[in-house]
There are 2 protein chains.
Amino acid sequence: MSHKLNQIFSALADPTRRDILMMLLEDDMAVTDIADPFDMSLAAISKHLIVLANAGLIAQERRGRVKWCKLDTEGMNAAFVWIQSFGQLDPINLESLEEFLAKEHLLQQSDLV
Amino acid sequence: MSHKLNQIFSALADPTRRDILMMLLEDDMAVTDIADPFDMSLAAISKHLIVLANAGLIAQERRGRVKWCKLDTEGMNAAFVWIQSFGQLDPINLESLEEFLAKEHLLQQSDLV
DNA sequence: ATATTATTCAACTAAATGGTTGAATAAAGT
DNA sequence: ACTTTATTCAACCATTTAGTTGAATAATAT
């Protein structure tokens with residue numbers, strides 16, 4: 001588990017990789033198209049994609065000669081959950097929010113983190 | 001801004017540093033006390049703390065010969081906000097949660113992200 | 001069959017990272 | 001004054017990382 005968080009956070013630490021994730025929010029993309037806007041070799045982008053895939057931040061599927069890349073929520077979720085469980089967050093205090101919602105029976109316990 | 005996210009995520013990518021942050025959830029601590037449970041030199045921990053401080057994840061204040069370390073929410077919040085703004089998250093859909101709470105007037109708009 | 005397109009592999013390089021040790025600094029206690 | 005305690009600095013080392021280039025593989029198009 002922890003070693004996956006290592007991979008996830010370290011994948012997110014690179015601005016090129018964060019940019020790629022943002023691009024994939026729009027739509028699934030082929031490797032070449034992802035590489036296009038970057039001032040960097042295709043091989044470099046290919047490596048970045050492998051890092052993202054190993055972290056569970058994207059999924060890749062080969063169709064013909066094209067390898068399609070799409071977001072995988074697993075990695076991002078793991079990061080989100082860790083930070084969330086850490087608490088101490090200004091914008092929304094999730095701990096108390098969860099407590100509140102649980103009390104109000106607005107959501108089932110199982111729906112919460 | 002982006003360069004701060006680099007520092008934050010890269011700081012979070014190391015398990016020792018994540019452990020340190022968890023320890024600081026309990027209470028503020030001196031460098032030596034933080035180092036104690038780790039099978040690692042004091043100097044190594046000192047470096048980890050500098051990385052955490054540069055990322056805005058902890059704040060350090062020297063009092064006498066002791067340097068006290070405490071959590072700084074700034075870094076964690078920045079990471080949280082980035083992931084949040086990214087959307088696509090399973091466990092709690094914050095967008096709709098915010099909308100819901102706003103509608104219900106349970107929280108003021110200004111309390112939300 | 002041949003050329004083009006999509007992607008990765010392999011070998012290399014420069015820089016960053018995470019650790020070590022021993023010495024240095026600085027404050028407090030005796 | 002001297003010693004102990006708290007922390008960092010400096011120099012070093014091994015490993016990882018992010019990039020490069022050129023060749024290799026594999027599928028599609030002509």
Side-chain angles (χ1 to χ4, degrees), chain A residues 2-24 27-70 72 75 79, chain B residues 2-24 27-70 72 75 79:
Chain A
S2 175
H3 101 287
K4 208 54 192 282
L5 279 177
N6 297 358
Q7 287 180 272
I8 293 166
F9 283 126
S10 133
L12 292 177
D14 185 280
T16 301
R17 288 192 290 259
R18 286 199 306 276
D19 284 348
I20 292 173
L21 291 174
M22 296 303 241
M23 289 165 63
L24 291 175
D27 205 357
D28 301 355
M29 293 177 83
V31 175
T32 309
D33 295 330
I34 292 174
D36 208 48
F38 293 98
D39 187 22
M40 194 183 297
S41 74
L42 192 54
I45 295 293
S46 177
K47 282 197 212 169
H48 279 305
L49 292 171
I50 288 165
V51 171
L52 288 169
N54 287 339
L57 288 161
I58 68 167
Q60 296 181 290
E61 184 199 354
R62 178 156 225 136
R63 271 204 297 280
R65 63 181 161 181
V66 173
K67 197 169 199 176
W68 292 94
C69 304
K70 64 171 179 179
D72 182 352
Chain B
S2 177
H3 102 284
K4 208 53 192 285
L5 280 176
N6 297 358
Q7 288 180 272
I8 293 166
F9 283 126
S10 135
L12 292 177
D14 185 280
T16 301
R17 288 192 290 258
R18 286 199 305 277
D19 284 347
I20 291 173
L21 291 175
M22 296 302 241
M23 290 165 63
L24 291 176
D27 204 357
D28 301 355
M29 292 177 85
V31 175
T32 309
D33 295 330
I34 292 174
D36 207 48
F38 293 98
D39 188 21
M40 192 183 299
S41 74
L42 193 54
I45 296 292
S46 177
K47 282 198 211 171
H48 279 306
L49 292 172
I50 288 165
V51 171
L52 288 169
N54 286 339
L57 288 162
I58 67 167
Q60 295 181 291
E61 185 198 353
R62 178 154 226 139
R63 270 205 296 281
R65 64 182 161 180
V66 174
K67 198 170 199 175
W68 291 94
C69 305
K70 63 171 180 178
D72 182 353

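The chains referred to below are lettered A, B, ... by the order of the sequence lines, with proteins before strands, and numbering in each begins at 1.
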Measure from the side-chain heavy atoms of [X] and tell me the nearest of [options].
{"X": "B:Ala43", "options": "D:dG19, C:dC9, D:dC9", "value": "D:dC9"}
{"X": "B:Thr16", "options": "D:dT8, C:dG29, C:dG19", "value": "C:dG19"}
{"X": "A:Arg65", "options": "D:dT8, C:dG18, D:dA27", "value": "D:dA27"}
{"X": "B:Val66", "options": "D:dA6, D:dT8, C:dT20", "value": "D:dA6"}
{"X": "B:Leu42", "options": "C:dG18, D:dT7, C:dT8", "value": "D:dT7"}
{"X": "B:Asp14", "options": "D:dT20, D:dC9, C:dG18", "value": "C:dG18"}
{"X": "B:Lys47", "options": "C:dC9, C:dA11, C:dT20", "value": "C:dT20"}
{"X": "A:His48", "options": "D:dT8, D:dG19, C:dC9", "value": "D:dG19"}

request  = Tell me what B:Arg17 touches on the nucleic acid: a base, only sugar-phosphate, or nothing, going by heavy atoms under 4.0 Å.
outcome  = sugar-phosphate

inquiry  = Heavy atoms only, 4.0 Å cut-off, all strands: where does A:Ala30 land among base, sugar-phosphate and nothing?
reply    = sugar-phosphate

Does OP1 or OP2 of [N] have a side-chain N or O of [X] closer than 4.0 Å?
{"X": "B:Ser46", "N": "D:dT8", "value": "yes"}
{"X": "B:Ser41", "N": "C:dG19", "value": "no"}
{"X": "B:Lys67", "N": "D:dT8", "value": "yes"}

query = Atom CG in B:Leu24, atom CG in B:Asp19: separation rounded to 0.5 Å?
reply = 11.0 Å

Whole-Å distance separating the [atom1] atom of [X] from the [atom2] atom of [N]:
{"X": "A:Glu61", "N": "C:dA6", "atom1": "CD", "atom2": "C1'", "answer": "16 Å"}
{"X": "B:Phe9", "N": "C:dT17", "atom1": "CZ", "atom2": "P", "answer": "16 Å"}
{"X": "A:Met40", "N": "D:dT21", "atom1": "CE", "atom2": "P", "answer": "12 Å"}
{"X": "B:Gln7", "N": "C:dA16", "atom1": "CD", "atom2": "P", "answer": "13 Å"}
{"X": "A:Asp19", "N": "D:dA18", "atom1": "CG", "atom2": "P", "answer": "14 Å"}
{"X": "B:Ile45", "N": "C:dT21", "atom1": "CD1", "atom2": "P", "answer": "14 Å"}
{"X": "B:Phe38", "N": "C:dG19", "atom1": "CZ", "atom2": "C1'", "answer": "14 Å"}
{"X": "B:Ile20", "N": "C:dG18", "atom1": "CD1", "atom2": "C1'", "answer": "12 Å"}

Work out which heavy atom in [X] is nearest to a heavy atom in [Y]; give both atom names and the distance.
{"X": "B:Ala79", "Y": "B:Leu12", "result": "CB-CD1, 4.5 Å"}
{"X": "B:Gln60", "Y": "B:Leu49", "result": "NE2-CB, 3.7 Å"}
{"X": "B:Trp68", "Y": "B:Arg63", "result": "CD1-NH2, 3.7 Å"}
{"X": "B:Phe38", "Y": "B:Thr16", "result": "CE2-CG2, 3.7 Å"}

inquiry  = With side-chain contact (heavy atoms from CB on, under 4.5 Å) as the criterion, how do B:Lys70 and B:Glu61 come out once you've worked through the C-alpha distance, each side chain's angles and the decisive distance to 0.1 Å?
reply    = CA-CA 8 Å; B:Lys70 63 171 180 178; B:Glu61 185 198 353; 5.6 Å; no

task = Hey, which sits more toward the 5' end of DNA chain D by its nearest nucleotide, B:Val31 or A:Asp39?
result = B:Val31

